[in-house]
Amino acid sequence: MMELSIIWSILIAQIMLGLAMAFAFYRMVRGPRAQDRILGLDTLYINAMLMLLTFGIRTANSLYFESALIVALIGFVSSIAFGKFLMRGEIIE
Amino acid sequence: MSHLTDLPVWAAVLVCGLTVLGAAVALIGSVGLLRFTSFYERLHAPTLATSGGVLMICTASIICFAVLQSRWVFHEILIIVFVVATTPVTLMLLGQAALYRDRVEEKRGVPLKQRPPREEPAE
Amino acid sequence: MTNWMHHLLILPILLPLMVGAAMIPIDERNRSLKGVLSFVSTLALFILSIVLMRIASMDGAPAGNGVYQLGNWPAPFGIVLVLDRLSALMLCLTSGLALAAQAYSIARWHTAGHHFHSLFQLLIAGLNGSFLTGDLFNLFVFFEIMLAASYGLLLHGSGPLRVKAGLHYVAINLAASSLFLIGVSLIYGATGTLNMADLSMKLATLSPEDRQMVEVGAGVLGVAFLVKAGMWPLSFWLPTAYAAATPPVAAVFAILTKVGIYVILRLSLLVFGASAGASAGFGQPILLAGGLLTIAFGAIGVLASQAMGRLAAYSVLVSSGTLLAAIGLGHPSMIAGALFYLVSSTLTIAAFFLLIELVERGRDAGADVLAVTMEAYGDADEDEEEEEVGSAIPGTMAILGLCFCLCALLLAGLPPLSGFVAKFAILGGLFGLSGAEATPAVSAADWTYVTLLIVSGLAAMIAMNRVGIRTFWASIENTVPRVVVIEITPVVVLLAACIFLSVQAGPAMRYMQATADSLFDPAGYTERVLSAPRAGGQ
Amino acid sequence: MNPNEGNGTIEYAGKLLSVFILAPFVGSLLAIFFPPDQRGATAWFAGAIALLCFLVAAGLYPFVTSGGVLRYDIAWLPELGLNFTLRMDGFAWLFTVLVTAIGVLVVLYARYYMAAEDPVPRFLSLFLAFMGSMLGVVLSGNLILLAVFWELTSIVSFLLIGYWHHNAHARDGARMALTVTGTGGLCMLVGLLLMGRIVGSYDLDVVLASGDLIRNSPLYMPVLILVLLGALTKSAQFPFHFWLPHAMSAPTPVSAYLHSATMVKAGVFLLARLWPVMAGTEAWFWIVGLAGLSTLLLGAYFAIFQQDLKGLLAYSTISHLGLITVLLSLGSPLAAVAAVFHIVNHATFKASLFMAAGIIDHETGTRDMRKLGGLIRYMPGTAVLAMVASAAMAGVPLLNGFISKEMFFAEAIETHQANILDTMTPYVATLAGMFAVTYSLRFIHSVFFGKTPEDLPKVPHEPPRWMRVPIEFLVLACLVVGIIPAITIGPFLHTAVVSILGANTPYYSLSVWHGWNLPLIMSFVALAGGIGLYFLMRNYLATSVEGPPIFRLLHGQRIFERVLVTLSWKWARSLEQRLGTRRLQPQMRFLVFIAIAAGALPLLLNHFELPPLLVRSIDPAFALLWAVGIACAIGAAILAKFHRLAALVLLGGAGLTTCLTFVWLSAPDLAVTQLLVEIVTTVLILLGLRWLPKRIEDTEETELLSLKVRFRRLRDFLLAIVAGGGVALIAYTIMTRPMPDTIASYFLERAYKEGGGTNVVNVILVDFRGFDTLGEIAVLAIVALTVFALLLRFRPQADSLEAPEQQRVQNAFDDDHPDRNKGDSVAEYLFVPSVIMRWMFPVIGMLAAYLFLRGHDLPGGGFAAGIAMSIGFILQYMSGGTRWVEERLRIHPLRWMSIGLLVAAATGIGSWFFGYPFLTSHSQYVTLPIIGKFPLASALFFDLGVFSLVLGATVLILIALAHQSIRAPRAHARAMRKEAR
Amino acid sequence: MEIILSAAIGVLTASGVYLLLRPRTYQVIIGLSLLSYAVNLFIFGMGRLRVNAPPVLEPGGVGDLSRFTDPVPQALVLTAIVIGFAMTALFLVVLLASRGFTGTDHVDGREQRHD
Amino acid sequence: MRTWLPYPLLSVGLLIIWLLLNQSVAPGTFLMGTVLATGLGWVTLKLGLVRSHPRRVLLIVRFGFAVAVDVIRSNIAVIAVILRGQRRPPNSGFLTIDLDLEDENALALLACVMTATPGTAWLEYDRGRKSLLFHVLDMENEDIWLDTVKRYETALKEIFG
Ligand code: NA
Ligand code: NA
């Protein structure tokens with residue numbers, strides 16, 4: 001019983017995160033402006049990181065951790081590159 | 001998934017609860033992203049995930065591993081710290097870019113660049 | 001058991017790799033130093049490959065001879081390098097060509113861009129690795145080294161023509177590399193191995209379903225090789241790319257298509273040889289048809305080419321088609337001739353690519369601008385200046401004319417040079433001296449092949465004739481091109497190699513025959529690779 | 001001399017055969033080095049060589065009498081039956097003598113003929129090479145060797161005909177000669193190869209002994225046709241005759257030699273050589289006969305209407321070669337004798353006539369018979385010689401031409417085969433004889449008699465004494481042979497004939513008078529008719545244009561040129577365009593299509609069973625994840641044209657999904673690497689986006705898409721669907737099959753025990769398959785170098801030269817406000833973010849160190865660490881700009897790359913010193929105080945190399961791109977300055 | 001799982017191939033990237049799919065295929081990722097250079113009438 | 001000390017990160033971490049970051065606690081805004097506030113804090129005017145937001161003072 005509820009609750013969490021990603025995707029594809037798309041991607045990244053964490057909990061294996069850590073620490077680099085591109089037209093001046 | 005059943009009930013409840021809750025917060029954030037009508041409103045949406053979502057799910061993860069491996073493993077804290085440190089950069093840059101673009105297009109309701117400077121010369 | 005001699009086997013890869021790497025930080029102002037380093041390295045490589053050729057042709061060598069287990073992991077688990085007559089031959093050809101191209105480049109072309117010599121050395125490393133490796137995925141890696149370096153070298157000198165050609169070349173080859181990966185992984189997925197020898201062993205024992213998957217993989221893989229080999233209709237990028245490349249690069253590119261041929265030859269005989277059960281002879285009809293079409297297309301292109309560069313590039317296709325169709329026909333007696341042809345045509349085309357620029361130099365002043373762009377270091381946009389290199393040597397025209405004639409004879413396969421010997425060897429192998437007892441009829445495929453071989457030779461003759469007359473006989477301005485000795489020498493040396501091949505056709509053909517025989521003995525290869533002992537005797 | 005005199009002598013004499021090849025070719029090489037002004041010395045040298053060959057030939061005569069054969073063998077390609085075999089029998093001997101003797105005379109003649117400004121050494125060098133080739137043809141004892149020399153004669157003759165290459169006619173004539181004879185030669189080669197296949201050897205002795213085998217072989221027809229193509233083209237037989245007249249642009253000595261005595265004779269030589277094994281069949285009779293007869297007649301007819309002296313001689317040569325061909329076609333031994341005899345006779349009189357024509361040309365400056373006349377008054381000696389030779393050509397009694405022609409007439413009336421061709425022969429022969437008389441008469445009459453023209457370019461006079469000597473020799477030979485054939489030519493002819501016919505040698509008489517018989521009457525008819533015809537046509541010919549009526553419209557050369565241009569140029573070009581393309585899209589389409597076919601064929605050919613559909617065990621979260629991923633991919637595909645940034649964003653989405661998949665399916669290493677690469681790629685493409693042209697969706701345009709475009713897109717779409725479906729199907733099939741017995745078990749077993757690491761993937765990367773990794777980083781280095789080198793030469797388009805719009809707007813804003821400096825906007829914009837970005841640098845550095853050090857045991861490794869570190873650098877570039885960073889940090893990516901590659905390779909080499917192969921890893925736990933056990937693996941050093949290289953390469957690529965932003969404005973400013981000046 | 005991943009590979013391939021056949025260089029580079037995802041997943045799939053069985057041993061351990069997923073395809077994918085990245089960079093720079101020289105972003109270096 | 005440890009806090013932070021990453025406090029890890037943390041400190045010095053000297057650990061902890069509470073609260077608030085959806089669209093708007101914070105690190109920290117609390121988004125900081133433009137999701141009462149920011153500012157000024 002408990003096993004089932006654990007499984008289900010984590011699965012539900014993952015499905016929710018999947019939905020969150022889907023909504024983020026909506027912004028990525030629909031915009032309407034470039035900044036919306038980039039914000040969408042950023043959200044996608046965050047949710048993906050959360051998905052990785054839930055996956056870690058689900059499997060009780062800590063090997064997912066580096067990926068999550070990299071999203072947390074370095075994932076923002078592509079977003080700021082996008083942001084700078086919007087603002088300045090080039091990302092390294 | 002037998003290992004999760006090794007968790008004591010309190011831990012299991014905590015882990016599951018925090019996970020579902022965290023995911024729910026993140027989901028709601030995304031819903032905000034979906035439903036808000038202006039970009040500046042949407043800008044707030046991912047912060048739900050980066051604050052509440054990350055906090056809860058990381059806590060769940062910490063509890064889960066701490067209990068399972070019966071040692072104090074906190075490295076998920078790093079994720080929280082990094083997310084908190086890096087999210088502002090993205091959002092700041094995006095926000096400013098949006099401001100710039102809206103200003104160039106002379107959109108209504110967007111504050112102009114803050115002019116004149118504080119020490120206004122006497123006319 | 002591992003003695004120092006044993007490590008010679010990996011030097012053809014390591015030496016250029018390390019020399020190329022070491023030259024990266026050297027300032028471009030020290031180009032001559034780089035040139036000398038590079039040349040010395042290639043020379044050492046050439047000598048080495050001759051030594052390896054001798055080692056490869058030793059009979060009765062101890063077990064494990066010519067098999068190099070990287071990381072001391074035995075096949076099929078680790079990567080192995082395998083030296084046999086064929087790979088030794090290809091090594092020798094590569095370093096020979098490279099030597100000529102390198103010497104040539106030192107006169108002026110290496111100044112046309114940055115890091116020429118490093119890229120050149122790395123290209124050699126890639127080529128040598130492709131010839132030596134006995135592992136499919138490692139082959140992919142070396143293919144990529146070779147391709148990446150070839151991209152760099154093709155783009156060497158920049159300019160709109162090269163960049164446009166380069167874009168196509170890169171795009172096509174990237175797509176082909178994807179196919180390569182799909183093919184290799186599919187084969188792994190179905191057989192659980194990446195070692196060619198092991199694959200050859202396993203194929204016969206596979207279930208029909210798995211074998212089918214291997215065939216799919218091999219088919220897709222084959223397309224990747226055929227792109228490289230230049231089979232019609234996968235070869236349209238080739239003439240433009242080769243014609244656009246700087247001469248020394250084009251010359252060494254002459255062997256790039258041969259890598260595709262080499263791999264096809266190796267794999268089709270090793271993996272899909274007689275012992276492959278139901279898969280024996282896989283793909284041969286395609287190779288035959290494709291090869292024939294390629295010869296035809298190449299010959300048409302040769303005829304249709306006004307510029308010598310394109311003519312030479314189409315000759316590459318003719319050469320490829322000839323070899324592919326020969327493999328497709330699958331007569332064991334032809335393969336030796338085909339190998340001879342491979343060597344001869346590669347040398348010829350390389351010499352021709354080098355010669356073209358010398359011949360045209362006197363005619364088209366604009367060509368030189370591209371050639372020698374002095375760059376302000378760090379910023380290439382400064383005004384381009386022209387620099388005169390070389391002086392008008394008396395008799396230059398006569399030497400160039402003679403070289404051109406030799407190239408024409410070689411390309412057309414006219415007697416008495418190695419081009420003819422090669423065609424004769426192929427045709428002789430095809431027809432055979434069956435003698436009085438029974439003269440088997442000549443099949444339609446054979447006839448088509450013979451006809452195309454002859455017609456392609458004719459096409460080359462007509463085209464070279466046209467171009468030669470225009471250049472040497474009918475040219476109005478009689479400016480003698482300014483050529484330095486170091487430019488003409490490589491051409492002469494390559495052609496001399498062809499002449500040497502013609503004179504020493506007997507010994508050369510004996511080597512090729514032995515090579516062909518060993519290719520038709522996959523069991524010997526497999527045995528050698530899989531039973532090689534590990535160092536330290538574990 | 002007794003041929004059985006002893007093998008030693010014969011062997012020695014055989015060796016002498018090599019003189020015939022060596023002397024001319026070596027002489028040819030040496031002749032080039034004579035100074036151009038040394039006409040005399042070069043001629044002496046060349047003449048000496050020809051004479052030497054002649055004398056050796058003469059000396060060898062005793063060995064070839066009564067069927068004797070000399071051989072000299074050198075192994076060339078013995079495995080394939082190709083040897084350098086020289087073989088001299090009587091027939092070859094006769095030809096050798098002919099070639100060398102006329103060679104001597106032509107050299108002598110050329111000494112005086114060639115002008116001072118002509119590069120004589122080149123001429124004589126080529127001449128000697130030609131002589132060598134011709135002797136090679138004659139003396140080859142191996143079919144393939146014969147083909148070799150055969151083609152050599154074509155090639156050298158090309159160079160000789162084109163000797164005066166400033167003359168367009170010479171160039172065209174040379175090209176045509178080479179094209180026709182070269183093509184024929186290649187066909188012949190195939191024929192000879194087939195003959196070898198039938199006989200089992202290319203050795204001429206073996207072949208000549210295998211006549212029945214050849215004639216009865218199913219391959220006889222192909223062999224016949226192919227060999228005849230060679231022979232008939234070479235001998236200028238109809239319909240391949242047209243090249244010969246155009247070869248007359250060659251210097252006259254060349255014509256005298258090549259187009260009378262040697263090259264064109266090679267064809268009939270071959271016919272005679274192979275006569276014993278190929279003649280006598282109906283096919284032979286028809287093909288050779290028809291070609292010969294038509295050539296005989298047409299050549300003679302055309303010759304009448306030539307206005308160019310050499311043209312007349314050329315057509316007459318064609319006609320005479322036709323005569324010889326007819327004789328050889330008949331298949332009767334007696335005819336063969338006549339053929340051989342006529343070969344010799346024709347050579348003597350035609351060579352002398354060509355030389356005479358050359359003298360006329362040389363002395364008058366023209367060869368046009370309409371302009372010439374009355375020359376007998378100026379050069380009586382030459383006139384007499386020419387008249388005698390002409391008479392021989394016309395077949396006037398008491399001259400050599402008469403005897404062989406009588407033999408021809410005699411053979412013509414014989415019945416050889418019961419068909420129409422055979423019946424026609426005598427009539428055609430007589431008619432052609434008549435024409436021969438006409439043109440011979442015309443030659444003499446129009447040149448030497450009649451009015452002396454006033455407008456000659458030069459005042460004619462007799463040539464130098466020695467220039468006439470060769471003609472005198474030859475004419476003397478015509479006379480002597482014509483009067484006393486049996487004594488003079490008889491024995492030699494017999495020797496030659498015996499060597500062809502052997503036991504079949506018939507009885508024949510070489511007397512001048514055979515009584516009143518039909519051939520004699522035919523001769524008289526021809527003589528009388530010819531004279532009559534000439535006088536009927538005389539006035540017409542005196543003013544007519546070149547070439548026979550009607551036929552001249554059928555200009556052989558023009559047809560040939562047109563066919564050649566059409567075939568080899570127009571058609572080739574249009575075919576090239578149709579069969580090939582220079583556009584990328586069709587090429588890609590082909591590639592995709594063929595790849596699909598290559599994958600599908602094995603499935604279609606062997607029955608392929610679809611794998612069962614497994615729907616259970618689908619994880620809904622994973623499915624949802626991929627729903628997003630798939631949507632991202634499709635979105636990227638749709639938006640890539642008009643919404644580049646959006647496509648890039650969506651690409652990132654697809655990449656992220658891929659990363660998650662890797663984690664999900666037990667590949668943490670892949671996820672880490674993919675994530676890092678993903679980020680760098682995004683930065684990279686964003687760096688590039690700045691340089692691409694604006695592309696704004698034009699809605700009208702998309703609505704008005706033509707049907708063609710829609711079709712093309714649909715086709716590509718379908719192709720893409722099939723490709724995707726195929727790959728998916730294959731992937732699914734494999735994934736649902738049980739694992740094969742794989743090498744992976746070995747790695748899993750030994751990764752820790754022998755590789756010293758728990759992360760098996762990393763152990764594979766740095767140890768089991770470390771060589772792949774070495775190669776992979778080499779690729780990265782190469783690409784970085786390429787990118788770097790290419791970008792040094794990067795020239796942006798004008799429209800992307802100036803700073804992006806945003807920067808211009810922001811700079812303008814700064815400029816407009818007096819309290820602001822240019823760049824304040826960006827400084828403000830980045831003020832707070834850059835603080836965080838800079839603090840992140842050491843943190844990322846820490847992460848890189850962590851990834852690097854744990855790689856061997858847990859996901860990570862040098863590659864991931866290198867990329868992570870490079871992202872740290874990029875972050876600084878983004879925060880502070882290029883100049884800012886480079887003022888503060890020492891960035892030497894080239895050095896890092898070099899060191900990385902060298903360290904990795906050197907680590908591999910280290911194992912040599914322990915007696916192990918390259919890259920054998922060594923790991924050991926070192927126990928240090930305080931720190932405790934510390935793993936010290938060679939793999940760590942290897943990974944260090946990987947790290948250094950990856951860092952260097954990634955930074956180099958990105959920085960090189962970033963630098964363009966600094967360079968472009970400078971270049972822009974420079975361009976503006978230039979414009980202003 | 002297999003069916004999902006196959007579908008993913010299929011769609012990625014199809015999108016990539018479709019873009020490869022398009023006339024704009026940018027489309028091609030995006031196509032190549034998508035294709036390389038597809039290829040990487042394909043290679044990865046050749047080792048069969050396993051959840052929670054990463055090939056990381058316990059120290060001192062000996063692994064076997066019943067407990068761990070096949071590490072070989074993973075190693076191959078890693079190499080492929082690296083090379084794919086390098087090639088993307090290269091293609092990008094070449095397309096930029098082409099655009100610089102020719103002025104257009106058409107793959108043939110000049111605008112064709114209708115694509 | 002300054003030459004050895006240009007940014008002591010950073011180096012300590014890095015060491016902690018290292019230990020957390022390696023999940024170990026073994027002497028080897030510690031030593032390695034120390035070496036790396038010190039080395040990276042030197043490299044960071046070249047980036048010219050301002051050395052701030054935060055004092056009073058207690059203040060930091062208190063500040064952190066306050067922020068945490070705010071974060072939770074604003075999370076709930078924003079969730080409420082989103083969930084109430086179309087019925088009552090958010091009353092969002094821009095606000096400008098003048099800041100006295102000089103220290104760039106303190107400013108960065110403020111940005112982090114404001115971003116971490118949902119409902120406020122840092123947009124634009126004008127260095128010349130030293131004023132901040134930010135966006136709030138729910139502007140029921142502008143002053144509350146301005147107060148909050150001021151509160152943070154004061155705390156940070158105290159800490160970095
Ligand atoms: Na008759
Ligand atoms: Na916030």
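Being a predicted model, the structure only gives us computed values, none of them experimental. When reading the values below, keep in mind they use all heavy atoms of this one structure, side chains included, and skip hydrogens, waters and symmetry mates.
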Does [X] reach the side chain of [Y], with side-chain heavy atoms less than 4.5 Å apart?
{"X": "Asp716(D)", "Y": "Arg22(E)", "result": "yes"}
{"X": "Ile9(E)", "Y": "Tyr732(D)", "result": "no"}
{"X": "Leu49(E)", "Y": "Trp664(D)", "result": "no"}
{"X": "Gln585(D)", "Y": "Leu21(E)", "result": "no"}
{"X": "Leu748(D)", "Y": "Pro71(E)", "result": "yes"}
{"X": "Val82(E)", "Y": "Val779(D)", "result": "no"}
{"X": "Val72(E)", "Y": "Phe768(D)", "result": "no"}
{"X": "Val77(E)", "Y": "Phe662(D)", "result": "yes"}

Select one option (side chain, backbone, both, neither) describing which atoms of [X] are under 4.5 Å from chain D's heavy atoms.
{"X": "Tyr18(E)", "answer": "both"}
{"X": "Asn52(E)", "answer": "backbone"}
{"X": "Ser36(E)", "answer": "neither"}
{"X": "Leu19(E)", "answer": "side chain"}
{"X": "Leu92(E)", "answer": "side chain"}

Can you tell me how far the [atom1] atom of [X] sits from the [atom2] atom of [Y], to the nearest 0.5 Å?
{"X": "Leu76(E)", "Y": "Glu776(D)", "atom1": "CG", "atom2": "CD", "value": "10.5 Å"}
{"X": "Ile4(E)", "Y": "Leu625(D)", "atom1": "CD1", "atom2": "CG", "value": "9.0 Å"}
{"X": "Arg644(D)", "Y": "Ile29(E)", "atom1": "CZ", "atom2": "CD1", "value": "11.5 Å"}
{"X": "Gln674(D)", "Y": "Asn40(E)", "atom1": "CD", "atom2": "CG", "value": "6.0 Å"}

Task: All salt bridge (Lys or Arg N to Asp or Glu O under 4.0 Å) counterparts of Arg690(D), not counting sequence neighbours - done: Glu90(A)
Of all heavy-atom pairs between [X] and [Y], which one has the smallest distance, and what is that distance?
{"X": "Thr13(E)", "Y": "Gly724(D)", "value": "CB-CA, 3.8 Å"}
{"X": "Ala86(E)", "Y": "Leu780(D)", "value": "CB-CD1, 3.5 Å"}
{"X": "Val11(E)", "Y": "Ala633(D)", "value": "CG1-CB, 4.4 Å"}
{"X": "Ile730(D)", "Y": "Phe42(E)", "value": "CG2-CZ, 4.0 Å"}

Open item on the list: With chain D as the partner, which of Ile83(E), Thr69(E), Val62(E), Leu12(E) has the greatest number of non-hydrogen pairs under 4.5 Å?
Closed with: Val62(E)
- [ ] Against chain D, work out which of Leu78(E), Leu90(E), Val107(E), Ile30(E) has the most heavy-atom pairs shorter than 4.5 Å and name it.
- [x] Leu78(E)
Task: Residue list, side chain to side chain donor-acceptor pair (under 3.5 Å) with Asp70(E), at least two apart or on another chain - done: Tyr188(C)
TODO: Could you walk me through whether Phe44(E) and Leu665(D) pass side-chain contact (heavy atoms from CB on, under 4.5 Å), step by step?
DONE: CA-CA 9 Å; Phe44(E) 179 64; Leu665(D) 299 171; 3.5 Å; yes
Open item on the list: If I measure from the heavy atoms of chain E, does Leu613(D) come under 4.5 Å with its side chain, its backbone, both, or neither?
Closed with: side chain
